[in-house]
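Some notes on the structure that comes next.
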Amino acid sequence: MLRLGVNIDHVATVRNARGSAYPDPVRAAKLAEEAGADGITAHLREDRRHIADADIDALMEALSVPLNFEMAATDEMQAIALRHKPHAVCIVPEKREERTTEGGLEVAREENKLAHFIAPLRDAGCRVSIFIAADKAQIEAANRIGAQVIELHTGAYCDFHYEGRFAERDTELARLTEMATFAHSLGLEVHAGHGLTYETVQPIAALPEVMELNIGHFLIGESIFRGLDPAIQEMRRLMDEARS
Ligand code: PXP
C-alpha cells in the first residue's frame with residue numbers, strides 16, 4: 001500500500017505568525033492520524049521558523065503513527081534525533097534564506113561526511129531517508145552511504161505544472177519515473193514529496209516503486225476550506241485511485 005505522510009509544519013507557521021500557542025501542530029497531527037495518515041512528518045529547521053523543539057517533544061509523546069523527522073545534516077540536529085530516536089529521519093538540504101527546501105541534497109560530493117553522519121542514526125534504529133533530486137549519481141551515492149530510503153524531490157515537477165510548462169513537467173515526470181525504478185533496483189525504498197497537490201499527486205502515486213508520499217503545505221492550505229480531515233481523505237482517495 002502507498003503510505004501518506006502528512007507534514008504539519010505549516011500549522012506551526014500560522015501559530016508562529018502571531019507568537020501564540022495556537023493552532024497547535026500536535027493537535028493537527030492527531031487529527032491527521034484519525035483521518036488516515038500513515039505517518040507524520042515535521043521539519044525542525046535550524047532557524048525554528050515553524051516547528052519548535054517542544055513540538056518534536058510533544059509529537060514523540062502523542063503520536064501513535066511513526067514520526068518522520070526532517071533535519072539538516074548538522075551536529076545539533078543529529079543530537080536531537082539521537083535523543084528522540086524517531087521511526088525515520090529524512091536528511092534534507094537547508095539554507096536559511098530559502099522559502100522552502102529548494103533542491104535535493106548533494107550526496108555525491110559529500111559522500112564521506114554523510115556516511116559518517118548517518119551511521120549513528122542507523123545504529124540508533126532510525127530509518128534513514130535522503131531527500132534528493134531524481135538524479136542517478138545522487139541515488140548511487142545515497143545507496144553507497146548506507147541510506148535505506150530515498151525521497152525523490154517532486155518540487156520541480158509540480159512547479160512546471162502550475163507554470164503551465166507541460167513539456168518540462170512531463171520530462172521531469174519521466175525522470176522521476178525512471179529514477180524510482182533505478183533506486184528500487186538497488187534495493188532502496190522509494191518515497192516522494194514536495195509541492196504535491198490534488199492536481200499533481202496522481203502520476204506520482206501511480207509509480208509502483210513509490211511506497212510513501214509526504215505532503216504538507218497544500219493539505220494545510222486546503223484544510224482552511226474543507227477542514228483537515230476531508231482534505232486528507234480526498235488526498236488519500238486520489239492516491240488510492242491512481243494506485244489501482
Ligand atoms: N518531503 C520533504 C523532504 C520536505 O522537505 C517537504 C517540505 O518540508 C515535504 C516533503 C512536503 O512538502 P510540501 O509541504 O510542499 O507538501
Side-chain angles (χ1 to χ4, degrees), residues 2-14 16 25 28-29 32 37-52 55-56 59 66-73 77 81 86-96 98-107 118 126-134 138-139 142 147-162 176 180 183 188-202 204-205 210-224 228 231-232 234-236 238-239:
L2 178 60
R3 294 192 301 269
L4 171 59
V6 173
N7 181 317
I8 42 81
D9 291 351
H10 296 298
V11 179
T13 302
V14 176
N16 295 2
D38 302 293
I40 297 297
T41 294
H43 183 179
L44 184 66
R45 293 187 75 104
E46 185 194 11
D47 61 10
R48 310 302 198 268
R49 67 175 70 158
H50 38 58
I51 294 294
D55 297 323
I56 299 295
L59 286 167
L67 177 68
N68 176 30
F69 178 65
E70 279 185 22
M71 54 183 264
M77 290 301 151
H87 166 79
V89 294
C90 181
I91 314 298
V92 302
E94 208 176 286
K95 293 192 223 94
R96 262 179 189 259
E98 70 190 354
R99 259 192 299 178
T100 181
T101 312
E102 278 164 3
L105 196 67
E106 177 49 65
V107 195
I118 67 170
C126 302
R127 278 181 78 69
V128 176
S129 170
I130 310 281
F131 189 46
I132 48 179
Q138 302 298 342
I139 294 168
Q148 295 114 311
V149 181
I150 57 151
E151 180 164 330
L152 293 173
H153 198 312
T154 52
Y157 154 76
C158 294
D159 287 346
F160 286 140
H161 174 83
Y162 280 100
L176 288 160
L188 290 160
E189 183 171 313
V190 182
H191 298 178
H194 209 283
L196 292 171
T197 65
Y198 295 154
E199 278 186 35
T200 52
V201 73
Q202 288 202 312
I204 303 297
V210 172
M211 301 298 292
E212 180 175 306
L213 299 181
N214 285 302
I215 308 180
H217 182 254
F218 174 80
L219 284 175
I220 301 307
E222 189 64 13
S223 74
I224 295 169
L228 189 56
I232 290 171
E234 174 63 3
M235 188 61 83
R236 177 82 261 171
L238 289 166
M239 286 165 58

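As the structure is a prediction and not an experimental result, all values here were calculated from the model. Start at 1 and go down the list; that is how both ligands and their atoms are numbered. When a residue number appears, it is its place in the shown sequence, counting from 1.
- Ligand 1 has an N or O atom lying under 3.5 Å from an N or O atom of N7, backbone or side chain.
- Against a heavy-atom cut-off of under 4.0 Å, G216 is close to the following atoms of ligand 1: 13 (P), 14 (O), 16 (O).
- Within the 4.5 Å cutoff, the side chain of L67 has no heavy atoms near those of the H87 side chain.
- Shown in contact with I215 at under 4.0 Å from a heavy atom are these atoms of ligand 1, numbered in order with element: 16 (O).
- Here L219 has no heavy atoms under 4.0 Å from ligand 1, in either its backbone or its side chain.
- Between atom 12 (O) of ligand 1 and the options E212, H43, H194, the minimum heavy-atom separation is to H194.
- The ligand atoms of ligand 1 that sit less than 4.0 angstrom from a heavy atom of D9 are 8 (O).
- Residues in residues 212-221 take part in these salt bridge (Lys or Arg N to Asp or Glu O under 4.0 Å) pairs, two or more places apart or across chains: R3-E212.
- Heavy-atom contacts of V92 reach the following atoms of ligand 1: 3 (C) (cutoff under 4.0 Å).
- Between N214 and ligand 1, no N or O atom pair is found at a separation short of 3.5 Å.
- Counting only residues at least two apart or in different chains, salt bridge (Lys or Arg N to Asp or Glu O under 4.0 Å) contacts with residues 148-162 are absent.
- Residues T200 and Y162 bring no donor and acceptor atom of their side chains to less than 3.5 Å of each other.
- Any N or O atom pair closer than 3.5 Å counts here, and C90 shares no such pair with ligand 1.
- Between atom CG of residue L2 and atom CE of residue M239 there is a gap of 3.5 Å, rounded to the nearest 0.5 Å.
- Under the 3.5 Å distance criterion, with hydrogens and angles disregarded, a donor-acceptor pair is assigned to the side chains of N68 and T41.
- Annotation: the span from M235 atom CE to L196 atom CG amounts to 7.0 Å, rounded to 0.5 Å.
- Closest heavy-atom approach to atom 9 (C) of ligand 1 among the candidates E70, H191, H10: E70.
- Going from atom CD1 of I8 over to atom NE2 of H43 covers 12.0 Å, rounded to the nearest 0.5 Å.
- For the pair G193 and ligand 1, the shortest N or O to N or O distance does not fall below 3.5 Å.
- Taking every heavy atom of G195 and a limit of under 4.0 angstrom, the matching atoms of ligand 1 come to 12 (O), 13 (P), 15 (O), 16 (O).
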